[in-house]
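Take a look at the structure set out below.
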Amino acid sequence: MVAKVTEIEQIRHELDNDLKKSGSSADVDKLRSKYLGKQGVVNLLFRSLPVKTNPHLGQAINELKNLIKDRLSAKLTETLSHAEQDILDVTVPGQIIPQGSLHLVTQAIEDIENIFLKLGFARRRYPEVETDWYYAEGLNIPKDHPARDDQETFYVTDNTVLTAHTSNGQLREMELKKTPPIKMINIGKTYRRQTDATHTPMFHQFEGLVIEKGINITHLLGVTEYFAKSYFGQERQTRLRPHHFQFTEPSFEIDITCGVCQGTGMVHKLPCKVCKSGWLELGGAGMVHPNVLRNGGLNPENCSGFAFGWGVERVLMMKSNLPDLRLVYSDDIRFLKQF
Ligand code: PHE
């Protein structure tokens with residue numbers, strides 16, 4: 001009995017060694033016949049038992065047999081998975097790694113920036129959370145003035161807002177440069193309480209400011225024409241309409257001919273659905289108010305300037321004929337992938 005138990009131990013030991021040495025499924029097959037075959041180690045052990053055998057010993061040999069089976073099949077799986085890894089099939093098509101691209105608003109910002117860089121404007125970004133002075137009071141909009149109601153402003157505290165326009169950059173630029181010439185394009189985020197097909201609560205504006213001795217409305221017209229033709233196409237035309245802003249005098253609204261009807265207001269003898277009149281509104285502009293120049297530390301006797309503030313998403317929609325601005329800020333990849 002004791003002799004048989006040590007024999008079982010020895011067999012287990014031998015199995016361990018054999019398994020360590022085997023590396024292929026053929027090796028495992030050989031071990032299977034060595035241990036479990038008709039003339040195998042386990043059968044010989046069974047046959048060598050005395051006729052009136054000890055039931056415990058029979059059980060121990062059965063356990064050994066199961067153990068050998070388990071270990072052999074585990075080894076087989078191991079050798080097969082190694083083999084699979086070794087196969088390099090060069091005919092399998094490569095994996096396509098999806099490539100991202102810049103968001104269409106970012107692309108528009110870059111396009112706009114590049115147009116103004118060519119004219120010698122310096123690109124700026126000024127705070128989106130701004131104090132009342134830079135945002136309103138310094139721009140000639142006193143407290144309790146009705147003009148404050150024009151914009152649906154988000155207030156952070158009584159004295160600070162999320163900027164509803166980029167015009168705060170005008171005073172900041174004057175403070176930064178201290179003396180003319182000033183030629184900046186400030187592109188930044190703006191916020192208003194509004195949501196519909198053409199408005200989102202967060203959008204972008206680009207604010208131009210040019211100050212030097214002798215700057216007049218014709219300079220504003222020239223820059224406007226240059227921008228409109230570069231961004232929308234050479235065939236586009238612009239016009240000024242009188243308007244009112246507290247921080248410019250005189251003030252204008254700038255229009256640009258509609259790309260759908262080419263400024264005629266008619267498509268196939270029917271009124272154009274996009275513009276109705278042949279013109280689309282680009283945004284506000286004007287000659288910088290003397291009070292604003294003074295508030296920025298400049299002397300209106302020595303210099304003058306023009307400013308404009310237009311919407312990035314607005315020009316993007318006008319150029320690409322987008323029906324709904326909310327799509328631009330949805331994360332629907334099927335839409336965004338087209339740009
Ligand atoms: N800040 C004005 C707006 O948001 C636009 C503007 C900018 C008008 C500069 C005149 C001069 O509508």
Side-chain angles (χ1 to χ4, degrees), residues 112 116 121 124-128 130-142 145-154 161-174 182-194 198-212 215-224 227-228 238-256 280-296 298 300 303-318 325:
I112 294 165
F116 286 101
F121 284 64
R124 297 281 192 256
R125 253 192 105 163
Y126 284 116
E128 293 162 24
E130 188 58 285
T131 60
D132 191 78
W133 169 257
Y134 292 101
Y135 167 74
E137 185 116 35
L139 289 176
N140 206 30
I141 314 177
H145 193 280
R148 294 223 176 192
D149 301 337
D150 291 353
Q151 287 163 351
E152 300 166 303
T153 311
F154 287 110
V161 296
L162 292 181
T163 49
H165 58 188
T166 38
S167 300
N168 60 317
Q170 292 189 26
L171 289 169
R172 290 201 170 265
E173 181 72 5
M174 291 177 212
I182 287 174
K183 225 172 164 188
M184 73 140 192
I185 187 78
N186 169 29
I187 314 181
K189 289 193 174 75
T190 42
Y191 305 83
R192 290 185 195 179
R193 284 183 283 117
Q194 53 180 21
T198 54
H199 297 93
T200 48
M202 188 283 295
F203 59 105
H204 298 79
Q205 278 193 345
F206 52 114
E207 181 101 8
L209 177 70
V210 175
I211 301 176
E212 224 192 312
I215 291 290
N216 60 48
I217 297 172
T218 59
H219 297 114
L220 166 64
L221 270 177
V223 169
T224 304
F227 170 74
T238 56
R239 72 173 183 193
L240 299 186
R241 261 184 304 115
H243 199 75
H244 174 78
F245 295 103
Q246 280 294 114
F247 34 92
T248 45
E249 183 57 39
S251 302
F252 312 101
E253 202 100 79
I254 300 210
D255 292 338
I256 165 168
L280 291 168
E281 186 189 309
L282 184 61
M287 300 306 293
V288 182
H289 196 289
N291 287 351
V292 177
L293 290 173
R294 271 189 286 269
N295 288 340
L298 302 179
C303 61
S304 55
F306 69 80
F308 57 84
W310 303 330
V312 171
E313 287 81 354
R314 186 172 177 78
V315 296
L316 174 66
M317 284 183 84
M318 279 160 69
L325 183 57

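Along the sequence shown, residues are numbered consecutively beginning with 1. Counting starts at 1 for both ligands and their atoms, following the listed order.
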Are His204 and Phe206 packed together at the side-chain level, in the sense that at least one heavy-atom pair is separated by less than 4.5 angstrom?
no
Using the side-chain hydrogen bond (donor to acceptor under 3.5 Å, both in side chains) criterion, which residues pair with Ser251? Sequence neighbours excluded.
Thr248
With a 4.0 Å cut-off on heavy atoms, is Phe252 touching ligand 1?
no
Can you tell me which portion of Ala285 lies within the under-4.0 Å heavy-atom range of ligand 1? Options are side chain, backbone, both, or neither.
backbone
Under 3.5 Å, is there a donor-acceptor pair between the side chain of Glu249 and the main chain of His289?
no
Closest contact, heavy atoms only, Arg125 versus Ile187:
CG-O, 3.2 Å
As an exercise, identify every atom of ligand 1 less than 4.0 angstrom from a heavy atom of Phe247.
1 (N), 2 (C), 6 (C), 7 (C), 8 (C), 9 (C), 10 (C), 11 (C)
Residues in side chain to side chain contact (heavy atoms under 4.5 Å, CB included) contact with Thr198, at least two apart in sequence or another chain
Asp196, Met317
Would you check whether Gln170 has a nitrogen or oxygen atom less than 3.5 angstrom from a nitrogen or oxygen atom of ligand 1?
no
Suppose I only count heavy atoms of Ser167 and a 4.0 Å limit; which atoms of ligand 1 are within that range?
1 (N), 7 (C)
Any N/O of His165 closer than 3.5 Å to an N/O of ligand 1?
yes
Backbone or side chain, does any N or O of Arg192 fall under 3.5 Å from an N or O of ligand 1?
yes
Flag for Thr163-Tyr126: side-chain donor and acceptor within less than 3.5 Å
no
